[in-house]
2 protein chains.
Amino acid sequence: MLSKKTQYALKALGMLAGSYGNGPVLISAIAEGKNIPIKFLEIILLDLKRVGILDSKKGKGGGYYLLQHPKKTNLATVIRQIGGPIALIPCVSLNFYEKCEDCDEATCGVNKVMAQTRDATLKILEKRTLADLIDG
Amino acid sequence: MLSKKTQYALKALGMLAGSYGNGPVLISAIAEGKNIPIKFLEIILLDLKRVGILDSKKGKGGGYYLLQHPKKTNLATVIRQIGGPIALIPCVSLNFYEKCEDCDEATCGVNKVMAQTRDATLKILEKRTLADLIDG
DNA sequence: TTATTAGTCTATTAAATTAGTAGAGTAATT
DNA sequence: AATTACTCTACTAATTTAATAGACTAATAA
């Protein structure tokens, strides 16, 4: 399961993808539109800005906006940067790998199956982009 | 990520699959063989017994064993019964569905992508069985 | 029938993670 | 100068996770 934080991030990005090109969107507009607690959303949007997906403008007419065209950012990247590993176990993670203390990874059956699962998941998440999050 | 509990369950089942047909295996043998805290493992094996995957014998010559041939139990079932949902968000889960309060599921972009991801994951996990967990 | 083996059950706990809140501060615009 | 709106630090409550302790029960064999 994705954390609530990651789910909110995806919903917020879907909204920003939908209004890409129309200037900044208010935090409050996203919070209301997507039913996200506003103070929690602030943290999430700051994170998304820090990792280079969003940028923001202060003052009147301010808000958040996508730094790149929605199709340029894939969902695997977003999930990893906000929510962490996509793999189901650490010893099979490409970006958050941790050595398995309990087994020999070369022969471990669990490892093998989980690597296959990771590949199947990534095949989807690496192809889908923020543009796919737009409602409609 | 799967919980440690689910990971331990899969490892234990892999060992039991490997010795299927050779009679019961001691909890302590599984704990040592797979590096699992024994008291935690007891809880896990009891759970697996309750859901009908394992059975056990008490007393000398006792232990745990698979109730069915390893190929009869697929991994999606195990993960769901021990670890919960496989889907990344509740509104897309087949077995642990929860209505999304924040959107119209029919038009939600996040929902659509997550359903695709779930399908890709299930395609693997429903085909793989306990037999695939055997080390080698 | 007693000793031994080995699974069962109840309860508790420590640590980590998650989800959310409060409030003061800073920057941009008009 | 006033207003708007993002930024930052700090905190807290709730939940989940990962165990641990110890008493109990059932089966087997000498």
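Here is how names work: the chains are called A, B, and so on, in the same order as the sequence lines, proteins then strands, and each is numbered from 1.
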Just the rounded figure in Å: distance from C1' of C:dG7 to CG of B:Leu48. 14 Å
Note: for B:Phe40 and A:Leu26 on DNA chain D, the residue whose nearest nucleotide lies more 5' is A:Leu26
Once you round it to whole Å, what is the distance between P of C:dT17 and CD of A:Gln7? 19 Å
Which nucleotide wins on minimum distance to the side chain of B:Lys5, given the candidates C:dA19, D:dA18, D:dA26? D:dA18
Taking OP1 and OP2 of D:dA5, is either one under 4.0 Å from a side-chain nitrogen or oxygen of A:Tyr64? no
Hey, does the side chain of A:Lys60 come within less than 4.0 Å of C:dA27's phosphate (OP1/OP2), counting only N and O? no
Classify the side chain of A:Lys39 and the base of C:dG23 as holding, or not holding, a donor-acceptor pair under 3.5 Å. yes
Distance test, side-chain N/O of A:Lys49 to OP1/OP2 of D:dC6, below 4.0 Å: no
Atom NZ of B:Lys57 to atom P of C:dA6: distance rounded to whole Å? 11 Å
For this output row, return yes or no: ring centroids of A:Tyr8 and A:Phe40 closer than 6.0 angstrom. yes
Could you check whether any side-chain heavy atom of B:Leu54 comes within less than 4.5 Å of a side-chain heavy atom of B:Leu67, counting everything from C-beta outward? no
Using a 3.5 Å distance criterion without hydrogens, assess whether the side chain of A:Thr73 forms a donor-acceptor pair with backbone atoms of A:His69. no
Closest-nucleotide ordering on DNA chain C, the 5'-leading residue of A:Pro37 and A:Gly61: A:Pro37
Round to the nearest Å and state the distance from B:Ile38 atom CD1 to C:dT5 atom C1'. 13 Å
May I ask you to decide if B:Thr6's main-chain N or O and B:Ser3's side chain share a donor-acceptor pair within less than 3.5 Å? yes
Of the listed nucleotides (D:dA18, D:dC8, C:dT29), which one gets closest to any side-chain atom of A:Arg50? D:dC8
In whole Å, what is the span from the CD atom of A:Glu42 to the P atom of C:dG25? 16 Å
B:Tyr8 side chain N/O closer than 4.0 Å to the phosphate oxygens (OP1, OP2) of D:dA18? no
Using modelled atom types only, decide if a donor and an acceptor are shared between the side chain of A:Glu126 and the backbone of A:Leu75 within a distance under 3.5 Å. no
Quickly work out the B:Lys4 NZ to C:dA15 P distance and round it to whole Å. 18 Å
State whether A:Ser56 places a side-chain N or O below 4.0 Å from either non-bridging phosphate oxygen (OP1 or OP2) of D:dA5. no
By nearest atom, which of the nucleotides D:dC6, C:dA6, C:dT21 is closest to the A:Ile43 side chain? C:dT21
Would you mind reading off the distance between A:Ile82 atom CD1 and C:dA19 atom C1', rounded to a whole angstrom? 15 Å
Nearest-nucleotide pick for B:Leu46, side chain only, options being C:dT8, C:dG20, D:dA18: C:dT8
Distance in angstrom units between B:Asp55 CG and D:dA27 P, rounded: 12 Å
